[in-house]
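Working notes, beginning with the structure itself.
Below, chain A is the first sequence line, B the second, and so on; all start at residue 1.
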Protein chains: 2
Amino acid sequence: MSARRPPKLALPEATPSPAVRATAASVARTRPTIADVAAEAGVSKATVSRFFNHRERLLSPDIATRVEAAIAKLAYSPSPMAQALSHGRSRLIGLVVADITNPFSVAVLRGAEKVCQEAGYLVMLFNLGNERERERDAIAALASYQVDGFILNTQGQSEALGKNPTDTDILQGRPAVLVDRRHAALNADFVSLDNQSAMRAACDHLVEQGWRELLYITQPLEDVSSRQERASAFSRCIKVHAQAVRGQLLELGKAMKGAADGAPDGTLDAAIRALRERAGANGRGAIVAGNSVVTLRVAAAMARLGWRFGRELGFVGFDDPDWAPLIGPGLTMVSQPTDAIGQSAAQCLLERLGGLHGPARERLLPGRLVVRGSSAAATTRPATRSQKQLTPPEPPECAAPGGR
Amino acid sequence: MSARRPPKLALPEATPSPAVRATAASVARTRPTIADVAAEAGVSKATVSRFFNHRERLLSPDIATRVEAAIAKLAYSPSPMAQALSHGRSRLIGLVVADITNPFSVAVLRGAEKVCQEAGYLVMLFNLGNERERERDAIAALASYQVDGFILNTQGQSEALGKNPTDTDILQGRPAVLVDRRHAALNADFVSLDNQSAMRAACDHLVEQGWRELLYITQPLEDVSSRQERASAFSRCIKVHAQAVRGQLLELGKAMKGAADGAPDGTLDAAIRALRERAGANGRGAIVAGNSVVTLRVAAAMARLGWRFGRELGFVGFDDPDWAPLIGPGLTMVSQPTDAIGQSAAQCLLERLGGLHGPARERLLPGRLVVRGSSAAATTRPATRSQKQLTPPEPPECAAPGGR
DNA sequence: TTGTACGCGTTATCAG
DNA sequence: CTGATAACGCGTACAA
């Protein structure tokens, strides 16, 4: 509204405006256009356009250099907006994230963004803030900007999409890659941790170290495929080791939107206590946490109880945040190749954008078990440490350190 | 190249193509255009356009409803791309982040994105990955998409910008808001933590609790204004308390790009040891960490030494990550109002976009000191705990828990 | 109050 | 090999 270029007068044969602007462009308030370059080089717009797009088709070296010079002089670069309008591709990639607060999502985002940037794409970000109803809006908003493709890390399984018949079109026929969470109604490539194998590695390790009573703690399964897959993988592991270990699953309540969800804390504490009791006095109960959010809550619970990982209870968690080595004796973690996941997703998408057709692909990347103190052999020291603390000192009331 | 709409034939008076497409649009592969709506409603494109933009100007109720119906029927929404091209505004906001890995940046991003979305803007994200040379490219790339404004959280002070004369134009005259880090060459609004007061609160607290030998640890000051401000604020605090405490500053070496920067760890350990020796046997040495990255490294060092916060050394850090309560006795932290910072930045920008002129503004938000165990009174127990551990057991070599 | 025609910056088609 | 010219989808003076 302020520094907008004054509309050109519609004088039929006045001095051609582009040229005018080009020469007067010494103090140009606006980016040079292809017309400016054309005028500067004394050629037509089409020629300049060809210089960029159809370089293979010979344009006489003479003219080519003239155009090149003009481009350099004016520091011209094509407007992606106009290109999108005309040519149909925006060189934009829409990225929808369920919760930007989740370090996993950020790590993936990072990997994906890197690849996209290197390929000349820009990322448009939409954060759902854990409000899954907004998924439709997010995709629609992105689509309205003509994004060339989508990378989706969202909850929405069947619910949000698929009801409305027009939903099939929601992607506007543009390719999409799903990350970490499958999407029933969408046929798209899928990239994720190999949850099955990862869980297997975690459980095998615990069993091997002598932990015998396992508890898997997860956020609400809801429609989130990765949570479901890990949970069922856990069950399967328990079955495999049936003669040696027992297992149980705890699904945390939904976190109240932003609230400190106080009640669940109580149930979490109780569940942990119960685990220890089930395991008996030999200290062979261990927790498996479904992701870093759960890990955080479990660690807080342990602090409240005055317990220490690797002593009262064993522990393995999914994700490997920076701080995992610093909690207690260090937390044993299944490290996800987040960067690779993000990069892989972006590459998948780029391949599709490059014209690759065919059925939806699935790319499962292996996790890596990072062993630290929290899962150290349970059998070697129950008599020493655990027994000693069998009845742990009552935690100093609620004067817990975390004054949140 | 594949499913592109076939170019309309240039038949002078053939059946008007929009209408054709509208009726055949039952299986439309492309979004409806304003022409489709116009045809459907039996009015001109201009009328439909007016329906959106100049609602106040009377459009006969009759036609208004017809248009409305057509819009609803076709599920039409204007193309922001075309609008941007024509009208000059894209409803896009460019967000440049120095390092998306930094939780602080993410938290700010979150707050900003929320406000932007609510105001109908979409965020285009560009992550610098700590490569400051890319700042120019980032801004240029975003500008090429006609973003209406910028939110910048980048290192670049004078270096990257300001040399090239065209750099003044780099923002294309579009408003920008700087977050956390000032930018010498840019005149733009600035939103940040009130570093001066925050540091003051941190130091006062430590002094009050009896810590007497302070060490401020920061990432390389380089050109990052927030680091510089905190460092000088620290010096000032030391001066204020000169008769009671002594202070020193440690600037960590640049982290090797992605590497485990092994060497600096050694110097960090040495510095911490030296601090404790300076403080003497009364255990009154305390660390102040400039942000959560430093906190992480310090915590790792403490683990290597076998020391515990609040016992061998006191601690206060900037930023308040989730895991702060879980390290040792809980870490005392200066919590930044990250969400508010992000929101405030976005609001600043929206005001500018709304036409607000005037000189660059500066908005400093207060931090909040969250007291936990790591800074608990130093004077009450040096004789008990600290003395006992005066010569800490040599750490078990480099078999540190963190197998990174 | 509504319709017509043009421009925004590019690309693609079709003559030359 | 190069130059007009028509889209792309929309906003907006200008005319009706």
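Considering only side-chain N and O atoms, A/Y145 lies nowhere under 4.0 angstrom from the phosphate OP1 or OP2 of D/dG9. For D/dA4, neither phosphate oxygen OP1 nor OP2 lies less than 4.0 angstrom from any side-chain nitrogen or oxygen of A/S44. An OP1 or OP2 oxygen of D/dG11 is reached within less than 4.0 angstrom by a side-chain nitrogen or oxygen of B/S49.
The NZ-P distance, from B/K45 to C/dC6, rounds to 12 Å in whole Å. Computed from coordinates, the A/Q83 CD to D/dC8 C1' distance equals 13 Å when rounded to whole Å. B/N53 places its CG atom 14 Å from the C1' atom of D/dA13, with the value rounded to the nearest Å. The CD atom of B/Q146 sits 9 Å away from the C1' atom of C/dC8 (whole-angstrom rounding). Atom CG of A/L85 is separated from atom P of D/dA6 by 17 Å (rounded to the nearest Å). Atom CE of B/M81 is separated from atom C1' of D/dG11 by 17 Å (rounded to the nearest Å). Between the P atom of D/dG9 and the NE2 atom of A/H87 lies a distance of 14 Å, rounded to the nearest Å. Atom CG of B/D36 is separated from atom C1' of D/dC10 by 13 Å (rounded to the nearest Å).
Side-chain to base pairing of A/S86 with C/dG9: no donor and acceptor N or O lie closer than 3.5 Å to each other. Side chain A/R31 to base C/dG9: no donor-acceptor pair is found below 3.5 Å. Contact annotation: side chain of B/R89 to base of D/dG11, donor-acceptor pair absent below 3.5 Å.
Salt-bridge formation is detected for the pair A/D189/A/R352: a Lys NZ or Arg NE/NH1/NH2 atom is positioned less than 4.0 Å from an Asp or Glu carboxylate oxygen. Ion pairing between a basic and an acidic side chain is recognised when a charged N comes within 4.0 Å of a carboxylate O; A/R361 and A/E351 show such pairing.
Nearer the 5' end of DNA chain C, as judged by each residue's closest nucleotide, is the contact made by B/I63, out of B/I63 and A/V48.
In the set D/dG9, C/dT10, D/dT2, the nucleotide with an atom closest to the side chain of B/T33 is D/dG9. The side chain of A/L59 sits closest to D/dT2 out of C/dG3, D/dT2, C/dT10. In this structure, of C/dT10, D/dG9, D/dC1, it is C/dT10 that holds the atom nearest to the side chain of A/S79. When distances are taken from the side chain of A/H54 to each of C/dT10, D/dG9, C/dA12, the shortest belongs to C/dA12.
Nucleic acid contact for A/F52: none, since no nucleic acid atom lies under 4.0 Å from a heavy atom of the residue. In this structure, A/F51 reaches neither bases nor backbone, as no heavy-atom distance under 4.0 Å exists between it and the strands shown. A/S77 comes within 4.0 angstrom of the backbone, heavy atoms only, and of no base.
Using a 3.5 Å distance cut-off with no hydrogens or angles, the side chains of A/Q146 and A/R174 do pair a donor with an acceptor.
In this structure, B/S144 and A/M81 approach most closely via the heavy-atom pair O-CG, 4.4 Å.
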Would A/Q117 and A/E113 count as a side-chain hydrogen bond (donor to acceptor under 3.5 Å, both in side chains) here? Give the steps. CA-CA 6 Å; A/Q117 279 181 18; A/E113 197 229 13; 2.6 Å; yes

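Ring centroids of B/Y145 and B/F126 are separated by 6.0 Å or more, keeping the two rings apart.
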